[in-house]
Structure formats: structure tokens, C-alpha cells
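Each remark here refers to the structure printed beneath this line.
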Number of protein chains: 2
Amino acid sequence: MELDARKLQILQAIINDYIITAEPVGSRTVARKYGLGVSSATIRNEMSDLEELGYLEQPHTSAGRVPSDKAYRLYVDKLMRVRSLDDQEAEYIKDLYRDKIMQLEQVILQTAKVLSDITSYTSIALTPQLSKVVIRHIQLVPVDKDFALLVVVTSSGILKDTLIRIPEGIHNDFLNKVSNILNEQFQGKTFSEVDIKDLSPVQEVFAENQRFFNSLVDVLSSSFQESQKKEVLLGGTTNIFRFPEYQDILRARSFLSLMEEKDLLYQILASSQNNGVKVSIGTENPHEELRDYSIVTATYSLGDRVLGTIGVIGPTRMEYSRAISVMDHMGKSLSNYLTKLYGKQP
Amino acid sequence: MELDARKLQILQAIINDYIITAEPVGSRTVARKYGLGVSSATIRNEMSDLEELGYLEQPHTSAGRVPSDKAYRLYVDKLMRVRSLDDQEAEYIKDLYRDKIMQLEQVILQTAKVLSDITSYTSIALTPQLSKVVIRHIQLVPVDKDFALLVVVTSSGILKDTLIRIPEGIHNDFLNKVSNILNEQFQGKTFSEVDIKDLSPVQEVFAENQRFFNSLVDVLSSSFQESQKKEVLLGGTTNIFRFPEYQDILRARSFLSLMEEKDLLYQILASSQNNGVKVSIGTENPHEELRDYSIVTATYSLGDRVLGTIGVIGPTRMEYSRAISVMDHMGKSLSNYLTKLYGKQP
DNA sequence: TTTTAGCACTCAATAGAGAGGAGTGCTAAC
DNA sequence: GTTAGCACTCCTCTCTATTGAGTGCTAAAA
């Protein structure tokens, strides 16, 4: 049995209604609110068919029906018409990136905040995967007689700077020399290519300052290690309370706990590395814990290299149309901003 | 009527029991569990007195009694014996600061995490008030032909670094010159003393590079502005779910919303600027919203200058003894660490 | 053949009644 | 001053209708 036009209409009506009300939808409601010119009995028959086909589910016999993940999938792929952003939202997003120079992580954090504000879902963002990023410059900047700043600049902005203690009697010229060595060794490499052991041959340059050499190696290697670190940023975690299905303390708590599992969230987002917007509905998701949620993600890039992923998570009865258009727009705006700011690298 | 020894004993028993169980305590429980050698009827009479004196409250006639804020205050000031940390906890804290050089904000963030882990309450931390901090060094570090890094180093570590675009044809010597000018103007001043207008007289040095001058001023002033910014860090927000009195969705939600009001939290913490540990119990707190919570705070310092505040927040039936000893220890450890690391400044 | 009206049936949600129990306050005796 | 005893309060839990939204089926109408 194929889905004829009327079945589709009814299915769409049920999905629309359920997205708004979060209550199982009955045949009478469909007949009255979405006047299709047929009686509730007819709709009842159709709904029965739709259930048999796996598009609808019944929480219990005397309740209305609820769309299945399969129905949402159909809805996203075929039924729904993608809304474009309204002016206010577009303006909000534009404002975020207008004329600002922020540290990379700040940009992503702000993006997450705006995402959760606009969609009223919880937003998740992956900071850029620095292992893929090229080291542009390393420099030891003298600060005063005791301290220097080790700055590592990458093709996507600054990675990191660390205060490092310098031994007595070290001259600025020596720091410059060290900077040059570091650049020779590491410039142009990505973080995954870098190997701290490459420094060993130049150890003799440090002569009597072996302690300085060691602490430099320490700082650099922890810096490189950290660059591999997964970092997951969140926005609007308590937005989940807006939804009636999370008025239950156990559900709310389990959601909030889920949001604290950064490793899991990382995996979820990292899996969608192919450019563009991706929608995962409930059980489509490979992770058992996400069975009850839907996730809409988009990637962001620097030039044509994908750097990371942003997304929103919410109940499966998500406003897909809105979420998708927002994510699409946001991914593109963020990529634009980054590419404009950090441009093409040598 | 003054509180005699037996009344104090009974009060202490009730507080102890309520802190553990979160259930109103009845006269029989006191008689049996905390054998004072008198019958429940006697205790009942004493409890009645204690209620009249404002130390106990009754949720309803046929329930046991619950300590009032006044009782907790007495408990904290007189009754309780301050536990010292157990070895495991002390070790945990020591570990946190051992041999690590972290960015200032990282230190505070980690401190908050450990605090909430150890106490199982939610922790709040104020990042250092940079307006009181002295600028040690400003430098423009050339990164490549398009960008330089503006680094502002303060007496408490790095404040901030910002990537800044430099116009074509600017030579490193010029950047150094600019760095020197900036240092002349701002070195040794605190952020609250600094005035961006001081730069105007040197504007002519920039000659044809007025755009560069302008963007420099922009970045600097936003940097200075940001230094005044209140920043509140949290740890263990979902710990609140551990407590039976927050199994109710409304209470849990209202707590989590409260934790999102960064301005309010800032005010709360900022108000305790006198050195040492401070305890605010329920209604003692000037803020209406905190009526149901108790807060234990401690300050942390660099040398003898108070930089900020850390604290834990939880239900009024808090384990004050534990909380106070942890906060005391933590405040001191953090101050030690900072002072050792960033030491005495010129 | 499709649609519809009608009706019995199901089942969650809600309200109400009653029993149980923890705890108090009071009184009278010790 | 202390305690045993007892009536009383009031929350909590359980059990039992009652209600109502919604279904599925059947038979008649289109």
C-alpha cells in the first residue's frame, strides 16, 4: 500500500499538531481543525492504516496517535516546506558577526548562545579540530625579567599562549633564537603531524639552560596535546524545561546529565563531518541514549576545510523546518565570518 | 528564657538529624536516636519552648520540627565543631595546584569544579577583579605580514591577547615603537586608572596609518572594558538533583534559572570582600531569591590584595561544618598558588 | 466501493473516601 | 520536673468510582 494524497495530508496534519501541542492527536481533532472534508470515522480508518504502515504510534488504546520517527523522517524529506528565516532572526545572526574580532573559541561560544536563543532548543558546538590546522607561527615574547609568553598562532587564529618562567640571565636575543628554531621545526605543519621529539637535535643550543629547554618542551607538548582535545560548548541547557514532555524530573535530569557527557556529545557531533545540514531523528541516532531526541547539525569551515560542527538538540517533535533553516543559515554565516577573518593561509 | 544545656543538646540533635535526612524531626526520634536519658514527652516540652524562641518551625501540626535559619546561625556560631578535611580531600586539593601553570581563568574554573566535586554542592567562583590589577606589559607581536598579536600582561598573569590586522607595509620596527609608546602610557597603571584618551597625543606618530591607530584604540578599549566585566563561573550545577527537597521540578528549575543569572550571582559573591570565610543562611541573605539557600564563601588573594571570591550554594540544611572547612582550605590554597606563581610585582 | 453515523469498549486521568501513621499537645499521675 | 496516656491533627497512601477522550467495529447511506 502506498501513501495516497489524503494519507499524506492527514499525516502532515497530525505531525503539525503534535509538534505544537505535544499531545496525542485524535481523529476528531484532525477532522475539525484541519478540515479535509471527511468525517472523523474516515480519518480514523486512514489513521489505522498509517499506524499499520509504521508512521503513527499509540501510547495506549484510548489515546490519540503520535508520529513515529519514520513519520518525522518522511516529514523532513518530503512533506515539510523549509521556512526561510524571518527578518528579525536573520538580523540577529548578522549582528553577531558584524565587525567583531573575537578569539576563535569566543566566536563559537557566542554562536552557541545565539543558536539556543533563536531556536529555544539546547545548542551544542564543537570547537575547531585543531589537529587539522596548520601552525603559522611560534614565538617567545619576553614579558619581564622572569616571564616570557609562548604564543602559538595557527591558520585559524591563536591557539594558545602560556606564561613560561625564564631562568636568570637569559637575553632577549636568545629568546629570539629559540623562537626561530621553533619556527623552523614546526611552521607549516599541522598539529597531528607535529612531534615534540623533533626538538631533540637542537637541545645543544640551550647549553647550560637545560631546565629552560625542559620546561619549554613541557609547555609545547601539553599545548599540542590540548589541541587534540575535544571541546564541546553548550548553550541554553535549561531550555529543555520549556517543553511539556520534560516537566518530569527524571527526564529533565537525564537530559541535563546527558549534556554533561562531553565525550558522548563530541562523538555525536564529530560523526557528521560531511558538509551541510544533517538531521538525526530519535532512533536513527546510533547512540542508545539519544533515542528520545532529535539533533540538527551543520558544519562550519575555514575556506573549504571543515573545522567543526554546531547543532541543536531537542525532543523528536522538533520544529524541523525552523531548526533546519536556522542551522543552515548559521553554519554558512559562521564559515563566512571565519574565512573572511582568517582568510587563505600561505 | 535562655537556652540551657539540654535545650542546646536537643537543638543540636534536631539539626544534625535534619541535615542528614531532610525530614522533619519528631520528639520520639530525638529520644531514641540521641539518647538524652529523658522521655519523648519531656523533649516535646523542650521542643515547644524552642519553637516559641524561634529556633524551630513546624511545617504543619502533625509533623516533626525543622530548624529555622536562626537555629542554623546558632549552630554555625556556637554548636558545630569544625571538622578538618580528611586526607583524601586535602590530597585532592593539593593535587589540583601541584606543579601546574595554568591561565588564570583556567585555575578558577578548575577550582570551581573541584569544589563542587568535594562538597557535592554547586560552586560559584568570581574571576579576578582585573580593575584592581596592574598592567605589567603591553606588546604588539608580529605574526605574519597581515596580523599582529596585541598582548596585555598584568600582575596576575595574562589578561588577554587579540589578533589585530596590520596594514600593508608596516615594519616590525614600527610595531616595536608602538609597543614602547603603549608601555609608556599604560605600564604600572591599574585598569580602573587607565584612560584610552591618553593615547591621543601620540596619534601623530602613526602618520599615514590612521586606520591602524583606530583599530588599535578599538581593541585596547574593548580589552580594558572587558577587564571590568563581571565573570562568574559555575561548577556542578546539577548537583542540586542530589537533594530530596529538589526532586520537585519547579524548585529544581528555579535553582537552575537562578544559576543563570550571572549578574545576581556576581552581586552575591562580590558583597563578601572581607578576607576569610563567610556564611549566609537563608533569609540572612539580602536577596529575596536566595531565601531558601545557604551560601558559604571564601576570598582568594594575590599577596595581600583580595582578587575574588569562591563559594558553594546549597539548601539551608547544609553540612556547614564540611562546607566551611573545605572553603577555608580552598581559599588559602588558591591564594598560595597564585601568590607563588605570580609573586610580588614591581 | 467508499464514506459515515452510531455505539460499545478501553484506558488514563482525576477526584473522593477511608485507613494508617507520625507526631503533637494536654492532662493527670509519679 | 518528668512521664505515661490519650485524643486530636493532618499528611500520605491506597482503593474505588467517575469522567472523558479516543478507538474499532458494524451497518447503513452515498
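Chain letters run A, B, ... following the sequence lines, proteins first and then strands; every chain starts at 1.
- Two residues, B:Arg44 and A:Gln58, neighbour DNA chain D, and the one matched to the more 5' nucleotide by heavy-atom proximity is B:Arg44.
- For B:Asp49 and C:dT24, the CG to P distance is 14 Å, given to the nearest whole Å.
- Here the P atom of nucleotide C:dG23 and the CD1 atom of B:Ile14 are 12 Å apart, to the nearest Å.
- Rounded to an integer number of Å, the gap from CD of B:Glu51 to P of C:dC26 is 11 Å.
- Whole-Å rounding puts the B:Glu52 CD to C:dG25 P distance at 10 Å.
- A heavy-atom distance below 4.5 Å is found between the side chains of B:Val38 and B:Arg6.
- For A:Glu89 and A:Arg83, the salt-bridge test passes: some basic side-chain N is under 4.0 Å from an acidic carboxylate O.
- With sequence neighbours excluded, the residues forming a salt bridge (Lys or Arg N to Asp or Glu O under 4.0 Å) with B:Glu284 are B:Arg73, listed by chain and number.
- The side-chain heavy atoms of A:Asn285 and A:Tyr293, taken from C-beta on, include no pair separated by under 4.5 Å.
- At whole-Å resolution of the value, CZ in B:Arg6 and P in D:dT3 are 8 Å apart.
- The CD1 atom of A:Ile43 sits 12 Å away from the C1' atom of C:dT4 (whole-angstrom rounding).
- Between B:Asn45 atom CG and C:dT24 atom P there is a gap of 11 Å when expressed in whole angstrom units.
- B:Asp4 has its CG atom 11 Å from the P atom of D:dG1, to the nearest Å.
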Checklist outcome for this item: Protein heavy-atom contacts under 4.0 Å, written 5' to 3' over nucleotides 11-19 of chain C as B (base), S (sugar-phosphate only) or - (none), form the string BS-------

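- For the residue pair A:Ala252 and A:Tyr246, the shortest heavy atom distance occurs at CB-O, 3.7 Å.
- For the atom pair B:Ile313 CD1 and B:Thr297 OG1, the distance stands at 11.0 Å (nearest 0.5 Å).
- Each of A:Glu46, A:Glu51, A:Glu57, A:Glu52 was evaluated against A:Arg65; a single residue qualifies, A:Glu51, per the salt bridge (Lys or Arg N to Asp or Glu O under 4.0 Å) test.
- Annotation: of the two residues near DNA chain C, A:Ala41 and B:Arg65, the 5′-most nearest-nucleotide partner is A:Ala41.
- In the displayed structure, A:Asp87 atom CG is contacted under 6.0 Å by at most 12 heavy atoms of other residues, nucleotides or ligands.
- Backbone-only engagement by B:Ser27 is indicated by non-hydrogen atom pairs under 4.0 Å involving sugar-phosphate atoms exclusively.
- Taking the C1' atoms of five terminal pairs at each end of the helix from C:dT1-D:dA30 to C:dC30-D:dG1, the two resulting helix axes are inclined by 20°, rounded to 10°.
- Across B:Gln58 and B:Ala63, no two heavy atoms sit closer than the pair NE2-O, 3.3 Å.
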